[in-house]
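One-based numbering, in listed order, for ligands and for the atoms of each.
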Amino acid sequence: MRRPLVAGNWKMHGTRASVAELLDGLRRLAVPNGVEVAVLPPFLFIDQALNALAGSSIAIGAQNCAEEARQGALTGEIAASQLADAGCAWVLVGHSERRLIIGERDEQVIRKFAATQSVGLRPMLCVGETLEQREAGKTLEIVGQQLACVIESLGVAVFERAVVAYEPVWAIGTGLTATPQQAQEVHAAIRAQLAAEDAEVAQAVRILYGGSVKAANAAELFGMPDIDGGLIGGASLNADEFGAICCAAGS
Ligand code: 13P
């Protein structure tokens with residue numbers, strides 16, 4: 001049995017006041033038994049989140065890290081080792097906003113994935129197709145390539161300590177959610193691709209769905225056999241909504 005995981009990606013949102021309020025709400029949440037929960041604040045608020053959620057079962061992660069695992073002369077970057085030292089557990093790598101807006105390439109995603117694991121943190125590898133790619137019938141090819149480059153460079157065993165998040169770009173922040181069937185098809189393909197290398201790793205790895213997940217659609221998505229939880233953007237900025245999504249993962 002794979003333990004469901006719900007992670008909240010706050011993206012570039014929050015002020016000191018709004019983050020304090022959100023953390024207060026999160027601290028009060030009754031996280032269902034058997035569900036793993038994490039939040040990924042902007043770097044600026046990681047320490048605040050760690051302090052506010054100390055003693056709760058909610059883990060903290062970062063949305064990005066430097067390609068170099070160790071600290072050094074690299075202005076404006078944050079090393080995975082610094083995130084580990086701070087008390088983070090997770091790092092998001094390869095989010096589509098970083099791939100498509102910032103221009104992050106596969107080689108950088110691979111280096112960040114490796115950097116994260118080299119200091120004992122767990123990467124959440126994001127993959128997903130654009131609307132254009134979906135309409136061209138290339139969804140499985142694109143997602144397959146994004147996964148294959150990590151397997152080829154680092155080996156399939158790295159997925160023993162990682163999570164994959166399928167986030168169709170056209171569903172992110174748009175209110176358009178993939179149907180449970182559309183998402184399941186891609187999740188099953190991801191698991192099959194991993195299984196072709198190592199059946200045990202594939203069976204154990206958690207594959208999250210992300211893209212306009214809300215309390216209202218979460219249960220249906222999480223009910224699919226290969227969907228093991230969610231990576232939540234907008235809805236993770238509201239503690240009650242996020243809590244309802246966590247409950248859906250536990251039901
Ligand atoms: P939304 O839930 O706002 O669509 O964002 C999804 C996402 O990109 C999470 O990483």
Original post:
If every non-hydrogen atom of Arg70 is compared with every non-hydrogen atom of Ser81, which pair is closest and at what distance?
Top reply: CA-OG, 3.6 Å
**OP:** Would you kindly specify which portion of Ile172 sits under 4.0 Å from ligand 1, judged on non-hydrogen atoms: side chain, backbone, both or neither?
**Re:** both
Subject >> Short side-chain donor-acceptor distance under 3.5 Å, Glu129 and Trp170 >> reply: yes
Subject >> Sequence-distant partners of Glu185, salt bridge (Lys or Arg N to Asp or Glu O under 4.0 Å), two or more places apart >> reply: none
Original post:
Of all the atoms in ligand 1, which lie at a distance below 4.0 Å from a heavy atom belonging to Gly173?
Top reply: 1 (P), 3 (O), 4 (O)
Original post:
Atom NZ in Lys214, atom OG in Ser236: separation rounded to 0.5 Å?
Top reply: 13.5 Å
**OP:** If you have a sec, work out which protein heavy atom is nearest atom 9 (C) of ligand 1 and how many Å separate them, to one decimal?
**Re:** Glu167 OE2, 2.8 Å
Subject >> Atoms in ligand 1 with a heavy atom of Gly211 nearer than 4.0 Å >> reply: 4 (O), 6 (C)
Subject >> Top protein contact for atom 2 (O) of ligand 1, by heavy-atom distance >> reply: Gly233 N, 2.9 Å
**OP:** Under 4.0 Å from a heavy atom of Leu231: give me the atoms of ligand 1 that qualify, with their elements.
**Re:** 9 (C), 10 (O)
Original post:
At what distance, to the nearest 0.5 angstrom, does CZ of Arg206 lie from CZ of Arg191?
Top reply: 11.0 Å
**OP:** Report the nearest protein non-hydrogen atom to atom 3 (O) of ligand 1: residue, atom name, distance rounded to 0.1 Å.
**Re:** Gly234 N, 2.8 Å
Subject >> Nearest non-hydrogen protein atom, atom 5 (O) of ligand 1 >> reply: Lys11 NZ, 3.2 Å
Original post:
Which atoms from ligand 1 have a heavy atom of Ser212 less than 4.0 Å away?
Top reply: 1 (P), 2 (O), 4 (O)
**OP:** Tell me who clusters with Met1, hydrophobic residues only, linked when side chains sit under 4.5 Å apart either directly or through other members.
**Re:** none
Subject >> Proximal atoms of ligand 1 relative to Ala171 (non-hydrogen, under 4.0 Å) >> reply: 4 (O)
Original post:
Which one holds for Ala165 and ligand 1: side chain close, backbone close, both close, or neither close, with close meaning a heavy atom under 4.0 Å?
Top reply: neither
